[in-house]
There are 4 protein chains.
Amino acid sequence: MTGAAHTARPESTRRHHGNRYGRSEQARRAVLEAADDLLVEKGFAGVTIEGIAARAGVAKQTVYRWWKSKTDILVEAFLQDLTEDLTPPDHGDLDRDLRTHLRWLAFFLGRTDAGAVFRALIAQAQHDPAFAADFRARCLDRQRAVDRLPLERAVRRGELPADLDVAAETERLVGPVYYRILVTGEPVDEDFIDGLVDAFLGGLR
Amino acid sequence: MTGAAHTARPESTRRHHGNRYGRSEQARRAVLEAADDLLVEKGFAGVTIEGIAARAGVAKQTVYRWWKSKTDILVEAFLQDLTEDLTPPDHGDLDRDLRTHLRWLAFFLGRTDAGAVFRALIAQAQHDPAFAADFRARCLDRQRAVDRLPLERAVRRGELPADLDVAAETERLVGPVYYRILVTGEPVDEDFIDGLVDAFLGGLR
Amino acid sequence: MTGAAHTARPESTRRHHGNRYGRSEQARRAVLEAADDLLVEKGFAGVTIEGIAARAGVAKQTVYRWWKSKTDILVEAFLQDLTEDLTPPDHGDLDRDLRTHLRWLAFFLGRTDAGAVFRALIAQAQHDPAFAADFRARCLDRQRAVDRLPLERAVRRGELPADLDVAAETERLVGPVYYRILVTGEPVDEDFIDGLVDAFLGGLR
Amino acid sequence: MTGAAHTARPESTRRHHGNRYGRSEQARRAVLEAADDLLVEKGFAGVTIEGIAARAGVAKQTVYRWWKSKTDILVEAFLQDLTEDLTPPDHGDLDRDLRTHLRWLAFFLGRTDAGAVFRALIAQAQHDPAFAADFRARCLDRQRAVDRLPLERAVRRGELPADLDVAAETERLVGPVYYRILVTGEPVDEDFIDGLVDAFLGGLR
DNA sequence: GGGTAAACGAGACGGTACGTCAAGTCTTAGG
DNA sequence: CCTAAGACTTGACGTACCGTCTCGTTTACCC
């Protein structure tokens, strides 16, 4: 409702230099973007706090003030990238929903920049249990809820039995996708996904 | 003229200081063991070349002469740990073989020191494509062959159709196990494995 | 709506928060005292603007508003400590006046907190010519005038010839004292001062 | 006499990169020179370990390996500068020796680069008692011994009584010089020194 | 008695230098 | 030739202060 106070000032030329009642949104965005860019350009080892600060045009202390570690930055950058709605489309048809979602998941994990960040963070979670817990709470749980949506909708529509263990069935569907992405490195192609879905749907009869 | 100086030293306390005709097996073993120990004790970040060299009582240069990186050491250490035969037992029964093998896999990945090394290396593979290729060739392919054994035997026995895509089916079985271990962190318990096997066997009918 | 909240507050706990027509004496004193305390407690390196502000319960900006540097604060703190009259007592006797004054000088420079500040400032003057000039004008000249007093009085009394170069003679008397304090670090004891005075008085005959 | 070992190698192009049996003399000299230069160019505040390392073309770690602090470097640099013999000339005449030595002392302290380092170190000694002790042991005591030489020679020659307290008399001669240099900043000119010597020689009669 | 502008607290900002750690390279002495 | 030892350059780490810059509050004077 307020916010009019600064209306007259040309937003583009103003630079934040700190004030008591809030941090610099400008600095925050620059850091997240820098971290994202560095990961994509140079890989995880190329992401350093110094590098982020330098590329963001921000003081190192500013980074340390707001983030605990470089992975903390990457988590926030990842979440930032995901602000757009990634709810899988509802075609009203389990078969189509499943194939669409798994295709999207494979594409997201394997081909997008955000997916690269995601993989790097899963990797880091192997090394650091504390980070793993944080990462799961902030990112993974949401992703898993999304992964369950196709089956949940089908249950709601009556396409699947009401007592179906949706979580477990979802794990059997996405597990192999993650396995290829994280472990074997083989491409997750159309055939693979079709095989998954066919086996799942076939097993229900 | 000086050679006699060390004559009196008991054999057990003598240390290898280089010889003209080959590398020191003593140094090699000490390095691998030190790397293993450090990983278990302090986690991946606690494994450093300096730390390994210091704990192994070996010069840094000796480490660099024989290994490209700390992950290279860990791969060799991992393989060393796996010299014993890990061929899954053949009960002559698909159902039992599958459950036994998946239980063992879950235990190995989640509860053993070697599994911890394995997870650390999979993590590293996310960050470094070159290492990923090397790691897959030296460790993963072998593991995947082992994973396929239960189904291959069943096919050979005629329990499963000869045209079954063993590789794909195996991925659907082990994928969810890796997913829990690497991604969600949930325990891979009896029920989960039973669910996997039941769904697989049920889907074949 | 809130204005009444502070009405009840006892005067002693009320804090100045600025006013249009003058600075806060409270803040000024707190800063000087904090600077003094920090120097004595932690030494010169332990005196930082941030530390002073924090200990004084004052904003950093308030410090920068009124003082150019930490040495500027220390100079003012030093002068504050010296408000009391340090005019050497006049016994009407050159011998007694000299010994008393030199003893006091040695004690002041070597044993008092103010002397510690003084030494720190002399030290700083070695590193910074601009500060040196300022320090001499604000502190040293006054001290030198005081140092000359015993001889000046003796000249006025006729104990010493009217054409005596009081300034030069004073330098020969206090110089060795400063030398011990600043350079050799040896204690300036009774014997040393007696030696100085004896030599001076003996040389006049 | 030795040194032949390296004869064949072009000395100028060889760079030391470390070996087990000794540090790099090249690095040592570069550091000392850099510290000296920085002090003269930018003053004490401009002397930083990072700056020294950068200008010397040496790694920061190398500096920290061999020196405790920047003052430690300056002490060594100062001693290096003083390798040449600074024994005051012996004219066989107390009057001449004294005037010559005090003139040289004033010049050295006030006009030479080494003197600037010396003053900076005396300043630092005010701030840090531990350094003060070290500095006195490594630099000052030697200087004080030199300062005593003119009187000691005169005693040996019989020009001065054998029971003269040479140390105390020397302090009375050099003290005022240091006082002007360190405290008042007034120039130490011919007249001032003549006054000192005259008073000293006059007081002996 | 209410408005108003200087001084205040708080603290975020871009920086510089600190002192530490590990990486990876190079050199030497000795078995 | 291989080893242990260790000095070297490089570069990131995380911390402490620097001096600057808002921001919103407090308060004494002046209308």
Side-chain angles (χ1 to χ4, degrees), chain A residues 5 14-24 26-27 45 47-51 53-54 56-66 68-70, chain B residues 2-3 5-6 14-24 26-27 45 47-51 53 56-66 68-70, chain C residues 2-3 6 14-24 26-27 48-51 53-54 57-66 68-70, chain D residues 14-24 26-27 48-51 53 57-66 68-70:
Chain A
R14 277 193 59 227
R15 292 199 58 202
H16 185 105
H17 279 282
N19 79 58
R20 179 178 182 182
Y21 299 93
R23 61 192 281 195
S24 164
Q26 191 182 33
V47 181
T48 65
I49 302 254
E50 297 229 315
V58 143
K60 236 185 347 170
Q61 187 58 48
T62 298
V63 178
Y64 282 108
R65 203 189 329 273
W66 301 110
K68 295 191 301 289
S69 61
K70 70 175 183 177
Chain B
T2 56
H6 301 300
R14 276 193 56 228
R15 305 195 48 206
H16 182 105
H17 274 72
N19 77 60
R20 194 171 289 193
Y21 306 98
R23 71 188 275 196
S24 163
Q26 190 183 34
V47 181
T48 64
I49 303 257
E50 299 228 311
V58 142
K60 242 184 349 169
Q61 187 55 42
T62 300
V63 178
Y64 281 109
R65 202 191 320 279
W66 301 109
K68 293 192 303 288
S69 62
K70 71 176 183 176
Chain C
T2 56
H6 301 301
R14 278 193 54 232
R15 307 194 49 201
H16 182 102
H17 275 76
N19 79 59
R20 182 178 179 181
Y21 299 93
R23 66 190 279 195
S24 164
Q26 190 183 34
T48 65
I49 303 257
E50 297 228 314
V58 142
K60 233 175 11 161
Q61 186 56 44
T62 299
V63 178
Y64 281 108
R65 203 190 327 274
W66 302 110
K68 294 193 303 288
S69 62
K70 71 174 184 177
Chain D
R14 274 195 62 228
R15 293 198 58 201
H16 184 104
H17 280 282
N19 77 56
R20 180 179 182 181
Y21 300 91
R23 63 191 279 195
S24 165
Q26 189 183 34
T48 65
I49 303 254
E50 298 229 315
V58 144
K60 229 176 13 159
Q61 187 58 49
T62 298
V63 178
Y64 282 108
R65 202 191 328 274
W66 301 110
K68 293 190 304 288
S69 61
K70 69 175 184 177

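For clarity, every value in this text was computed on a predicted model and none was experimentally measured. Letters A, B, ... mirror the listed sequences (proteins, then strands); counts begin at 1.
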| remark: Taking F/dC13, F/dC8, E/dA7 as options, the one with an atom nearest any side-chain atom of A/Glu50 is F/dC13

| said: So for the helix from E/dG1-F/dC31 to E/dG31-F/dC1, with five pairs setting each end axis, what is the inter-axis angle to 10°? | reply: 0°

| said: Check this for me: does the side-chain of B/Lys60 come within 3.5 Å of the base of E/dG24 through a donor and an acceptor? | reply: yes

| message | On DNA chain F, does the nearest nucleotide to A/Lys70 precede the nearest nucleotide to D/Ala27 from the 5' side, or the other way round? Give the residue. | response | D/Ala27

| task | Send over the distance from D/Tyr64 OH to F/dC13 C1', rounded to a whole Å. | result | 14 Å

| What residues form a side chain to side chain contact (heavy atoms under 4.5 Å, CB included) with B/Ala59, not counting sequence neighbours? | B/Thr62

| request: Kindly say whether, by distance alone, the side chain of C/Gln61 makes a donor-acceptor pair under 3.5 Å with the base of E/dC8? | output: no

| message | Could you check whether any side-chain N or O of D/Lys60 sits under 3.5 Å from a backbone N or O of D/Ala53, counting only pairs where one atom can act as donor and the other as acceptor? | response | no

| said: Mind checking if D/Thr62 touches a base, just sugar-phosphate, or nothing, with heavy atoms under 4.0 Å? | reply: base

| remark: Whichever of A/Ala56 and C/Ala59 has the more 5' nearest nucleotide on DNA chain E, that residue is C/Ala59

| field | Residues forming a side chain to side chain contact (heavy atoms under 4.5 Å, CB included) with D/Thr48, sequence neighbours excluded | value | D/Glu50

| field | Residue met sooner reading DNA chain E from 5', once B/Gly51 and A/Val58 are mapped to nucleotides | value | A/Val58

| note | In terms of heavy-atom contacts, B/Ile49 and B/Ser69 come closest through CD1-C, 4.3 Å

| request: State which of E/dC13, E/dA23, F/dG19 makes the closest approach to the side chain of C/Ile49. | output: F/dG19

| Shortest non-hydrogen contact between A/Ser24 and A/Ala27, atoms and distance | OG-N, 2.9 Å

| C/Trp66 side-chain N/O to E/dA6 phosphate OP1/OP2 under 4.0 Å | no

| For atom NZ of A/Lys68 and atom P of F/dT15, their distance in whole Å | 13 Å

| task | State which of E/dC13, F/dC2, F/dC18 makes the closest approach to the side chain of B/Arg65. | result | F/dC2

| task | With the side chain of C/Arg23 defined as its heavy atoms from C-beta on, choose the nearest nucleotide among E/dA7, F/dT15, F/dC8. | result | E/dA7

